[in-house]
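Position 1 is the first residue of the sequence; numbering continues from there. Nothing here was measured: the structure is a model prediction, and the numbers come from that model. We count ligands from 1, going down the list as the structure has it; atoms in each ligand are counted the same way.
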Amino acid sequence: MTYLDHAATTPVLPEAIAAMAAELQQVGNASSLHGPGRRARRVVEESRESIAAGLGVQPREIVFTAGGTEANNLITKGVFWAQSTADPKRRRIVTTAIEHHALLDPVQWLTQAEGALVDEVPVDRSGRVDLEAFEATIARDPEDIALVSVMWANNEVGTVQPVAEIAAIAREYRIPVHTDAVQAIGHLDVDIAASGLDAVSFSAHKFGGPPGVGALVLSRTLDPVPLIHGGGQERDVRSGTLDVPSIAGMAAGLLAALAMREERNARVEKLRARLVEGVRRVVPDAVLNGPEELDSAHRLPGNAHFSFAGCEGDALLLLLDAQGIACSTGSACSAGLAQPSHVLLAMGADEVTARSSLRFSLGHDSCDDDVDAVIAAIGPAVERARAAGSAARRV
Ligand SMILES: Cc1ncc(COP(=O)(O)O)c(C=O)c1O
């Protein structure tokens with residue numbers, strides 16, 4: 001099997017499995033006062049400290065959640081509610097059109113259910129936020145903005161955003177600024193304190209921890225209204241019994257991912273360069289989407305995202321799957337119908353191109369054989385998908 005869908009989820013690292021397995025054999029609710037409870041609490045707090053040290057933040061700034069989607073929902077809804085309650089004028093959220101649905105959809109919900117207003121700042125053809133447009137959007141009426149949210153790195157095309165510049169502009173106007181760093185943490189050099197951000201979402205299963213756990217890094221100055229009420233865990237922002245095995249697994253996974261980051265990125269970038277060169281050689285009209293620069297200041301190390309003219313991305317995905325190659329179109333499928341990628345549309349692609357894309361994402365266990373398998377299979381797959389496409393157009 002050739003697994004090239006690490007951006008969807010990456011194999012859990014052995015260190016994370018060991019930490020989880022050890023915790024699953026223990027008993028104790030981290031909120032209980034007795035010995036087993038205190039032991040569980042100690043594991044949670046040690047995990048919190050180790051995650052905080054890895055990310056350059058204070059332990060008390062980490063709010064554990066059930067993943068990136070929940071962290072994004074908590075920050076968007078929670079801060080919107082808090083801000084618009086304190087000052088009814090603050091109803092605007094400034095974001096981009098290339099965010100993950102885990103950010104776009106709660107923001108969309110806020111517009112429909114709560115009267116939020118949204119500004120989506122444009123991106124250029126490489127998927128990078130237009131900083132001038134961003135500043136102009138903020139400056140238009142900074143007093144009515146509840147939150148700025150711009151992702152650290154895009155999950156489809158891998159574009160790394162100028163997050164520090166964005167944070168600096170937002171802070172000039174004293175507007176809270178959040179980033180969805182689900183694709184970045186464990187992969188890029190993320191120094192949250194230096195970046196000047198107020199809130200950062202991340203998710204364990206993207207860097208080698210278990211699925212279903214993540215966190216919101218939340219500055220002490222932000223006080224979002226909770227989505228979940230109950231036992232008052234996690235600064236009263238996120239109630240619910242803490243998932244000690246998953247939290248321990250996430251901490252161990254992050255530590256291991258950060259320790260191997262430079263060596264792994266160098267290896268993965270070499271493999272990715274060979275993949276890009278090979279795909280372009282076999283399919284000369286394949287278009288590499290996202291930044292041309294293949295370095296981690298511009299693009300996620302494992303990301304290679306192509307459009308293949310005349311093909312449906314889904315057809316290609318299934319043809320490659322039949323050859324044992326797992327990759328992704330990167331875009332959503334709604335009611336069984338392939339949707340054009342909202343990210344490619346925002347980057348200026350037409351609808352047909354935005355449906356003809358495939359994302360290969362490499363990770364820590366990727367190897368030369370994986371790249372060879374894609375280079376061998378992609379030519380015939382594109383030919384068949386093109387033939388199927390033109391037959392469908394004739395009917
Ligand atoms: C950029 C981004 N944000 C949020 C999410 C959602 O995270 P989770 O799967 O932990 O809910 C993903 C997952 O694909 C993502 O890529």
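- Taking a 6.0 Å sphere around NZ of Lys89, one finds it holds more than 12 heavy atoms contributed by other residues, nucleotides or ligands.
- A search for side-chain hydrogen bond (donor to acceptor under 3.5 Å, both in side chains) contacts involving Ser32 returns nothing, not counting sequence neighbours.
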For residues 209-219, tabulate all N or O donor-acceptor pairs below 3.5 Å that involve a side-chain atom, not counting sequence neighbours.
unit_1	atom_1	unit_2	atom_2	d
Ser219	OG	Thr221	N	3.0
Ser219	OG	Thr221	OG1	2.6

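- For the atom pair Gln233 CD and Asn29 CG, the distance stands at 7.5 Å (nearest 0.5 Å).
- Of the possible polar contacts, one joining the Arg38 side chain to the Leu33 backbone as a donor-acceptor pair under 3.5 Å is found.
- The hydrophobic cluster containing Leu13, built from Ile/Leu/Val/Met/Phe/Trp/Tyr side-chain heavy atoms closer than 4.5 Å, also comprises Met260.
- Closer than 4.0 angstrom to ligand 1 by heavy atom are Gly67, Gly68, Thr69, His100, Ala102, Met151, Asn155, Asp180, Val182, Gln183, Ser203, His205, Lys206, sorted by chain and number.
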